[in-house]
Amino acid sequence: EVDWFSLASVLFLLTFAPLIVYYFIMSCDQYQCSLTGPLMDLLTGNKHLSDIWNKTPALTYRAAGIYTLWVAFQVVLYVFIPDFCHKFLPGYVGGVQEGAVTPAGVVNKYEINGLQAWLITHVLWFANGYYFHWFSPTVIFDNWIPLLWCANILGYAVSTFAMIKGYFFPSNAKDCKFTGNFFYDYMMGVEFNPRIGKWFDFKLFFNGRPGIVAWTLINLSYAAKQQELYGQVTNSMILVNVLQGIYVLDYFWNEAWYLKTIDMCHDHFGWYLGWGDCVWLPYLYTLQGLYLVYHPVQLGTANAVGILILGLVGYYIFRTTNHQKDLFRRTNGNCRIWGKKPEYIECSYMSVDGTKFYSKLLTSGFWGWARHFNYTGDLMGSLAYCLACGFQHILPYFYLVYMTILLTHRCVRDEHRCLGKYGKDWERYTAAVPHRLLPGLF
Ligand code: NDP
């Protein structure tokens, strides 16, 4: 049953999320990334909505061609080229891997070849930039708004298709969730793991590619634009490219681990994931680079080093915390965390058919500091990207605000689920590790 608050949130997001993306990108295009600029113009009557809209670049055949080629290329890399990276990269887990057990008891198989797709795409990007010169490396920036319309078309098309598919030809009917509320189902998804054929998995494809593969290319395109406009690339742009590049590479290096995260294990595939992956992620996660094209901030050495350290420490915490839980769960506690035997709380839960299962909740390492210290590391990295842009405008700080809301909401959502799952055992765990994100504070 959908409560009124969830429904109101869904309606709010369906209406305003596309407008927010447009507003941010348009503010950069027409107001040098000032978020107050358009508002002031409208409030003072200086401009009408139609003036802003008429100045907005329309969808073009060129953008449609680029976008179609881009998505088609990623589909080919995903579906037709089995992973070879795991054959020569020590420690990398790729190739066919199993996901978590779905609520209906299905274990899906996935072809993990994201790292390979990322590598091939980037090798081609650099080969083009330095050798072939088929297109300008500023091509993404130069077509940014026309490409936004393409991304929206795909985002809405895939979400609508997933909804229809969930009703009429689901990949696994037992893993569908119907609340009876059209808007909620459209947004939060009906099918758990929609697929076409045996291998084309919507969640894995849309979350990772085209969105996350594009992330680093988008940043490179911004750097190329700075070079074209100012004859140099600023250290802030290099910092954003490097820190976000590490985050993206980490995602692909750990793509098999990603199969066990909340997105994959608990969320159904609807507009939230479909449109979010196509539009929200590539457009709003890359705002810092876009901002730096309009405001080429050159940081003092001390500031640049400080931001780099903050970003790297954040990444270290994010990765180590995730790794500790992964290792602990994979070995069923037979491992060492920070050189010692792990401490944990034994817990049990009941499945729908009444079968009792046992699990463990880690309480040592970073998991003894706070219940979601991986989110804290993620937030430190996010802060570093934003700080690289200086303090002249608030637009680049949107990412930090958004990530704080997303991850705090996730804490609450996840803990609600875990309390339902583990009951009294979860209460023992929260008593042992009382804080969520910041030891001693929250
Ligand atoms: P987690 O990896 O923290 O997974 C939470 C689950 O882990 C819980 O539901 C529970 O599942 C299990 N768990 C909780 N506490 C413990 C414990 N003490 N010991 C063992 N298992 C435990 O969350 P996410 O999947 O949300 O995040 C994964 C990473 O992805 C994070 O680092 C996050 O920062 C990042 N992320 C980034 C986003 C972005 O947009 N950039 C978006 C979302 C996430 P169970 O039922 O198995 O017990």
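Order of listing sets the numbers, starting from 1, for every ligand and every atom in it.
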At a 4.0 angstrom heavy-atom cut-off, ligand 1 is contacted by Tyr247, Trp257, Thr261, Ile262, Tyr285, Phe318, Asn322, Lys325, Arg329, Lys360, Leu361, Leu362, Trp367, Asn374, Tyr375, Asp378, Met403, Leu406, Arg410, Asp414, Arg417, Cys418, Lys421, Tyr422, Tyr429
* Side-chain ion pair, Asp326 and Lys260, N-O less than 4.0 Å -> no
Set out, in order, the CA-CA distance, both residues' side-chain angles and the distance that settles ring pair (Phe, Tyr, Trp, His ring centres under 6.0 Å) for Phe398 and Phe24, then state yes or no. CA-CA 10 Å; Phe398 172 79; Phe24 274 76; 4.6 Å; yes
Do [X] and [Y] have side chains that get closer than 4.5 Å, going by heavy atoms?
{"X": "Trp253", "Y": "Leu89", "result": "yes"}
{"X": "Met26", "Y": "Pro38", "result": "yes"}
{"X": "Ile317", "Y": "Phe366", "result": "yes"}

Minimal heavy-atom distance between Cys265 and Phe192, with the atoms involved, is O-CZ, 2.9 Å
